[in-house]
Undergrad: 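First the structure, then my questions, so here it is.
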Amino acid sequence: MANTRTEDAHHERTACRRHGAVLERAILEAALAELARVGWNGLTMEGVAAAARTGKAAVYRRWSGKEDLVADALRAALPALDEVPDLGGVREDLHALCRMIRDAMFSASGTALRSVLHECDGAGGERFHGLIRTGVIDPGTRLIRMVLDRGRERGDVRADSGDGLVVDVLPALLMYRSKVHGSEWPDTEVAELVDQVLVPLLRPGAR
(Lines give C-alpha, C1' and ligand atoms only; values in the text may rest on other atoms or scores of the structure.)
Protein backbone atom coordinates (compact mmCIF):
# COMPACT_ATOMS: atom_id res chain seq x y z
CA MET A 1 0.00 0.00 0.00
CA ALA A 2 2.82 2.39 0.88
CA ASN A 3 4.48 1.66 -2.44
CA THR A 4 1.22 2.42 -4.27
CA ARG A 5 0.90 5.77 -2.49
CA THR A 6 4.50 6.58 -3.29
CA GLU A 7 4.02 5.70 -6.95
CA ASP A 8 0.85 7.81 -7.15
CA ALA A 9 2.65 10.76 -5.59
CA HIS A 10 5.49 10.37 -8.08
CA HIS A 11 3.07 10.21 -11.02
CA GLU A 12 1.19 13.26 -9.71
CA ARG A 13 4.46 15.22 -9.57
CA THR A 14 5.23 14.11 -13.12
CA ALA A 15 1.73 15.09 -14.25
CA CYS A 16 2.24 18.55 -12.82
CA ARG A 17 4.79 19.13 -15.56
CA ARG A 18 2.03 18.52 -18.12
CA HIS A 19 -1.17 20.47 -18.06
CA GLY A 20 -4.54 20.72 -19.78
CA ALA A 21 -4.67 19.42 -23.32
CA VAL A 22 -1.13 17.97 -23.23
CA LEU A 23 -1.88 15.73 -20.26
CA GLU A 24 -5.31 14.83 -21.58
CA ARG A 25 -3.86 13.78 -24.94
CA ALA A 26 -1.27 11.61 -23.16
CA ILE A 27 -4.04 9.86 -21.21
CA LEU A 28 -6.15 9.28 -24.33
CA GLU A 29 -3.17 7.88 -26.23
CA ALA A 30 -2.36 5.63 -23.27
CA ALA A 31 -5.94 4.34 -23.24
CA LEU A 32 -5.64 3.30 -26.90
CA ALA A 33 -2.27 1.66 -26.27
CA GLU A 34 -3.66 -0.27 -23.30
CA LEU A 35 -6.66 -1.43 -25.34
CA ALA A 36 -4.30 -2.83 -27.95
CA ARG A 37 -2.19 -4.50 -25.24
CA VAL A 38 -4.78 -5.97 -22.85
CA GLY A 39 -8.16 -5.55 -24.57
CA TRP A 40 -11.36 -4.12 -23.14
CA ASN A 41 -11.77 -6.65 -20.34
CA GLY A 42 -8.19 -6.14 -19.15
CA LEU A 43 -8.30 -2.34 -19.31
CA THR A 44 -8.27 -0.49 -15.99
CA MET A 45 -8.11 3.19 -15.10
CA GLU A 46 -5.04 2.41 -13.01
CA GLY A 47 -3.34 0.74 -15.97
CA VAL A 48 -4.06 3.73 -18.18
CA ALA A 49 -2.69 6.10 -15.53
CA ALA A 50 0.52 4.08 -15.29
CA ALA A 51 0.89 3.96 -19.08
CA ALA A 52 0.37 7.73 -19.26
CA ARG A 53 2.87 8.23 -16.41
CA THR A 54 0.39 10.12 -14.33
CA GLY A 55 -1.59 9.49 -11.17
CA LYS A 56 -4.99 7.82 -10.95
CA ALA A 57 -6.48 11.05 -9.62
CA ALA A 58 -5.56 12.88 -12.85
CA VAL A 59 -7.52 10.30 -14.83
CA TYR A 60 -10.53 10.15 -12.52
CA ARG A 61 -10.79 13.94 -12.44
CA ARG A 62 -11.51 13.86 -16.17
CA TRP A 63 -13.39 10.56 -16.62
CA SER A 64 -15.60 8.74 -14.14
CA GLY A 65 -14.98 5.30 -15.64
CA LYS A 66 -13.36 3.43 -18.48
CA GLU A 67 -16.45 3.64 -20.74
CA ASP A 68 -16.23 7.44 -20.83
CA LEU A 69 -12.45 7.40 -21.19
CA VAL A 70 -12.42 4.90 -24.05
CA ALA A 71 -15.27 6.64 -25.88
CA ASP A 72 -13.35 9.94 -25.79
CA ALA A 73 -10.10 8.24 -26.81
CA LEU A 74 -11.73 6.60 -29.82
CA ARG A 75 -13.65 9.69 -30.81
CA ALA A 76 -10.50 11.82 -30.74
CA ALA A 77 -8.40 9.35 -32.71
CA LEU A 78 -10.72 7.95 -35.39
CA PRO A 79 -9.38 8.96 -38.81
CA ALA A 80 -11.48 11.48 -40.70
CA LEU A 81 -13.28 10.03 -43.73
CA ASP A 82 -13.94 13.28 -45.53
CA GLU A 83 -13.70 12.92 -49.30
CA VAL A 84 -12.56 10.52 -52.00
CA PRO A 85 -10.46 12.20 -54.71
CA ASP A 86 -12.01 12.21 -58.17
CA LEU A 87 -9.54 10.08 -60.15
CA GLY A 88 -11.55 10.03 -63.37
CA GLY A 89 -13.17 6.59 -63.21
CA VAL A 90 -15.16 4.43 -60.82
CA ARG A 91 -12.45 1.75 -60.68
CA GLU A 92 -9.79 4.23 -59.60
CA ASP A 93 -12.16 5.94 -57.15
CA LEU A 94 -13.06 2.59 -55.59
CA HIS A 95 -9.39 1.66 -55.17
CA ALA A 96 -8.80 4.94 -53.29
CA LEU A 97 -11.94 4.49 -51.19
CA CYS A 98 -11.09 0.90 -50.21
CA ARG A 99 -7.62 1.93 -49.10
CA MET A 100 -9.06 4.79 -47.02
CA ILE A 101 -11.54 2.51 -45.24
CA ARG A 102 -8.88 -0.19 -44.74
CA ASP A 103 -6.46 2.32 -43.24
CA ALA A 104 -9.18 3.54 -40.87
CA MET A 105 -10.06 -0.04 -39.85
CA PHE A 106 -6.46 -0.96 -39.07
CA SER A 107 -5.36 2.32 -37.52
CA ALA A 108 -4.65 2.25 -33.78
CA SER A 109 -8.10 3.66 -33.05
CA GLY A 110 -9.87 1.38 -35.54
CA THR A 111 -8.18 -1.71 -34.10
CA ALA A 112 -9.05 -0.58 -30.57
CA LEU A 113 -12.67 0.04 -31.53
CA ARG A 114 -13.05 -3.42 -33.06
CA SER A 115 -11.51 -4.92 -29.92
CA VAL A 116 -14.04 -3.08 -27.77
CA LEU A 117 -16.97 -4.21 -29.92
CA HIS A 118 -15.88 -7.85 -29.73
CA GLU A 119 -15.52 -7.83 -25.93
CA CYS A 120 -17.94 -5.25 -24.56
CA ASP A 121 -21.53 -6.35 -23.91
CA GLY A 122 -24.64 -4.65 -22.55
CA ALA A 123 -25.14 -0.90 -22.43
CA GLY A 124 -21.44 -0.20 -22.96
CA GLY A 125 -21.44 -2.25 -26.15
CA GLU A 126 -24.46 -0.37 -27.46
CA ARG A 127 -22.67 2.90 -26.82
CA PHE A 128 -19.65 1.80 -28.83
CA HIS A 129 -21.84 0.47 -31.62
CA GLY A 130 -23.26 3.98 -31.83
CA LEU A 131 -19.75 5.41 -31.97
CA ILE A 132 -18.66 3.14 -34.81
CA ARG A 133 -21.83 4.03 -36.69
CA THR A 134 -21.34 7.79 -36.41
CA GLY A 135 -17.55 7.71 -36.71
CA VAL A 136 -16.99 5.02 -39.35
CA ILE A 137 -20.10 3.49 -40.94
CA ASP A 138 -22.06 6.66 -41.72
CA PRO A 139 -19.04 8.55 -43.16
CA GLY A 140 -18.03 5.44 -45.12
CA THR A 141 -21.54 5.05 -46.55
CA ARG A 142 -21.56 8.71 -47.55
CA LEU A 143 -18.27 8.25 -49.43
CA ILE A 144 -19.55 5.13 -51.20
CA ARG A 145 -22.60 7.06 -52.36
CA MET A 146 -20.32 9.89 -53.51
CA VAL A 147 -18.28 7.49 -55.67
CA LEU A 148 -21.44 5.90 -57.12
CA ASP A 149 -22.98 9.31 -57.89
CA ARG A 150 -19.85 10.30 -59.82
CA GLY A 151 -19.92 7.00 -61.68
CA ARG A 152 -23.55 7.46 -62.73
CA GLU A 153 -22.76 10.94 -63.99
CA ARG A 154 -19.89 9.54 -66.07
CA GLY A 155 -21.95 6.59 -67.27
CA ASP A 156 -19.65 3.91 -65.88
CA VAL A 157 -22.04 2.89 -63.04
CA ARG A 158 -25.54 1.54 -63.59
CA ALA A 159 -28.43 3.84 -62.75
CA ASP A 160 -29.99 1.79 -59.91
CA SER A 161 -26.79 1.31 -57.89
CA GLY A 162 -27.19 4.10 -55.34
CA ASP A 163 -29.22 2.49 -52.59
CA GLY A 164 -29.89 -0.69 -50.68
CA LEU A 165 -27.64 -3.70 -50.60
CA VAL A 166 -25.22 -2.44 -53.26
CA VAL A 167 -23.95 0.19 -50.82
CA ASP A 168 -23.42 -2.49 -48.14
CA VAL A 169 -21.26 -4.80 -50.27
CA LEU A 170 -17.96 -2.98 -49.72
CA PRO A 171 -18.06 -2.57 -45.90
CA ALA A 172 -19.62 -6.04 -45.48
CA LEU A 173 -16.78 -7.74 -47.38
CA LEU A 174 -14.12 -5.70 -45.60
CA MET A 175 -15.50 -6.60 -42.18
CA TYR A 176 -16.23 -10.25 -43.02
CA ARG A 177 -12.81 -11.05 -44.41
CA SER A 178 -10.99 -9.14 -41.68
CA LYS A 179 -12.93 -10.87 -38.88
CA VAL A 180 -13.37 -14.39 -40.28
CA HIS A 181 -10.20 -14.76 -42.34
CA GLY A 182 -7.91 -12.38 -40.46
CA SER A 183 -7.21 -10.39 -43.61
CA GLU A 184 -5.62 -6.98 -43.17
CA TRP A 185 -6.49 -6.11 -46.77
CA PRO A 186 -3.14 -5.70 -48.55
CA ASP A 187 -3.29 -3.76 -51.80
CA THR A 188 -3.49 -7.01 -53.79
CA GLU A 189 -6.74 -7.99 -52.05
CA VAL A 190 -8.12 -4.48 -52.45
CA ALA A 191 -7.48 -4.77 -56.20
CA GLU A 192 -9.24 -8.17 -56.29
CA LEU A 193 -12.25 -6.78 -54.42
CA VAL A 194 -12.56 -3.87 -56.82
CA ASP A 195 -11.89 -5.76 -60.06
CA GLN A 196 -13.63 -9.07 -59.33
CA VAL A 197 -16.61 -7.90 -57.27
CA LEU A 198 -17.36 -4.18 -57.23
CA VAL A 199 -16.74 -3.12 -60.83
CA PRO A 200 -18.61 -6.11 -62.35
CA LEU A 201 -21.49 -5.46 -59.92
CA LEU A 202 -21.70 -1.74 -60.74
CA ARG A 203 -21.05 -1.56 -64.45
CA PRO A 204 -24.04 -0.71 -66.71
CA GLY A 205 -25.95 -3.78 -67.79
CA ALA A 206 -24.91 -5.83 -64.74
CA ARG A 207 -27.66 -7.77 -62.93
Side-chain angles (χ1 to χ4, degrees), residues 24-25 28-29 31-32 35-36 39-40 43 63 65-87 89-154 156-181 183-185 187 189-190 193-194 197-199 201-202:
E24 186 168 305
R25 184 169 61 252
L28 294 175
E29 289 173 353
L32 289 180
L35 272 175
W40 168 261
L43 185 78
W63 297 277
K66 72 178 185 178
E67 292 86 358
D68 292 334
L69 170 58
V70 169
D72 280 353
L74 293 169
R75 194 175 293 111
L78 282 173
L81 296 174
D82 295 325
E83 187 172 354
V84 182
D86 187 345
L87 300 176
V90 69
R91 180 179 182 276
E92 292 76 13
D93 287 358
L94 286 169
H95 272 276
L97 175 59
C98 288
R99 288 192 295 269
M100 287 174 59
I101 295 176
R102 175 203 58 195
D103 292 346
M105 286 175 61
F106 291 99
S107 66
S109 56
T111 300
L113 180 52
R114 287 185 289 115
S115 171
V116 168
L117 290 174
H118 292 160
E119 295 184 48
C120 186
D121 297 321
E126 301 231 351
R127 176 178 187 178
F128 292 116
H129 276 287
L131 180 59
I132 196 171
R133 173 162 292 283
T134 58
V136 178
I137 294 175
D138 289 346
T141 298
R142 180 180 59 80
L143 294 183
I144 295 169
R145 293 184 191 280
M146 178 190 299
V147 168
L148 297 184
D149 287 344
R150 283 182 195 158
R152 283 191 296 274
E153 290 173 4
R154 298 188 195 105
D156 55 5
V157 170
R158 59 190 178 86
D160 61 347
S161 63
D163 294 303
L165 295 177
V166 171
V167 175
D168 292 336
V169 169
L170 170 56
L173 275 172
L174 287 169
M175 292 300 294
Y176 169 77
R177 287 191 61 82
S178 66
K179 185 172 182 179
V180 176
H181 298 281
S183 172
E184 295 190 4
W185 286 102
D187 287 348
E189 289 192 20
V190 168
L193 169 62
V194 172
V197 179
L198 297 178
V199 170
L201 174 67
L202 296 170

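Just so you know, these numbers use all the heavy atoms, side chains as well, and skip hydrogens, waters and symmetry mates. Given the structure is predicted, the values throughout are model-derived calculations rather than measurements.
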Undergrad: Test of understanding: with side chain to side chain contact (heavy atoms under 4.5 Å, CB included), list the residues that count as partners of Arg99, not counting sequence neighbours.
TA: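 By the side chain to side chain contact (heavy atoms under 4.5 Å, CB included) rule, Arg99 matches His95, Ala96, Arg102, Asp187, Val190.
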
Undergrad: Nearest 0.5 angstrom please: Leu193 CG to Leu170 CG, how far?
TA: 6.0 Å

Undergrad: Distance check, rounded to the nearest 0.5 Å: Ile101 atom CD1 versus Ile144 atom CD1?
TA: 5.0 Å

Undergrad: For Leu94 and Leu202, run side chain to side chain contact (heavy atoms under 4.5 Å, CB included): C-alpha distance rounded to whole Å, both residues' side-chain angles, the deciding distance at 0.1 Å, then the answer.
TA: CA-CA 11 Å; Leu94 286 169; Leu202 296 170; 3.9 Å; yes

Undergrad: Could you work out, with side chain to side chain donor-acceptor pair (under 3.5 Å) as the rule, every residue matching Ser107, not counting sequence neighbours?
TA: Ser109

Undergrad: Taking salt bridge (Lys or Arg N to Asp or Glu O under 4.0 Å) as the test, write out the residues that go with Asp138, two or more places apart.
TA: Arg133

Undergrad: Quick one: does any side-chain atom of Lys66 pair with a main-chain N or O of Ala31 as donor and acceptor, under 3.5 Å?
TA: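 It does not hold such a pair.
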
Undergrad: Work out which heavy atom in Met146 is nearest to a heavy atom in Val84; give both atom names and the distance.
TA: SD-N, 4.0 Å

Undergrad: Please round to the nearest 0.5 Å and tell me the distance separating atom CZ of Arg154 and atom CG of Asp93.
TA: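 Result: 4.5 Å between the selected atoms.
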
Undergrad: Shortest non-hydrogen contact from Met105 to Ser178?
TA: CE-OG, 3.6 Å

Undergrad: Which residues pass the ring-ring contact (aromatic ring centres under 6.0 Å, His included) test with Phe106, sequence neighbours left out?
TA: none

Undergrad: What are the two closest non-hydrogen atoms of Trp185 and Leu174, and how far apart are they?
TA: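 In this case the closest contact between Trp185 and Leu174 is NE1-O, 3.1 Å.
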
Undergrad: Which residues pass the side chain to side chain donor-acceptor pair (under 3.5 Å) test with Ser183, sequence neighbours left out?
TA: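 Glu189.
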
Undergrad: Drop me the distance from Met100's CE to Asp82's CG, to the nearest 0.5 angstrom.
TA: 7.0 Å

Undergrad: How many angstroms lie between CD in Glu83 and CG in Leu143, if you round to the nearest 0.5 Å?
TA: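 One finds 8.5 Å between CD of Glu83 and CG of Leu143.
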
Undergrad: Could you work out, with side chain to side chain contact (heavy atoms under 4.5 Å, CB included) as the rule, every residue matching Asp168, not counting sequence neighbours?
TA: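 Listed in chain order: Leu165.
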
Undergrad: Can you name the side chain to side chain contact (heavy atoms under 4.5 Å, CB included) partners of Val169, sequence neighbours left out?
TA: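 Side chain to side chain contact (heavy atoms under 4.5 Å, CB included) list for Val169, sorted by chain: Leu173, Val197, Leu198, Leu201.
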
Undergrad: If we only count heavy atoms from C-beta on, is the Leu74 to Leu32 side-chain gap below 4.5 Å?
TA: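 With C-beta onward as the side chain, the pair touches.
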
Undergrad: Residues two or more places apart in sequence or in another chain: which of them pass salt bridge (Lys or Arg N to Asp or Glu O under 4.0 Å) with Arg75?
TA: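 For Arg75, the residues satisfying salt bridge (Lys or Arg N to Asp or Glu O under 4.0 Å) (neighbours in sequence not counted) are Asp72.
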
Undergrad: For Glu24, which residues count as a side chain to side chain contact (heavy atoms under 4.5 Å, CB included) partner, sequence neighbours excluded?
TA: Leu28, Arg62, Trp63

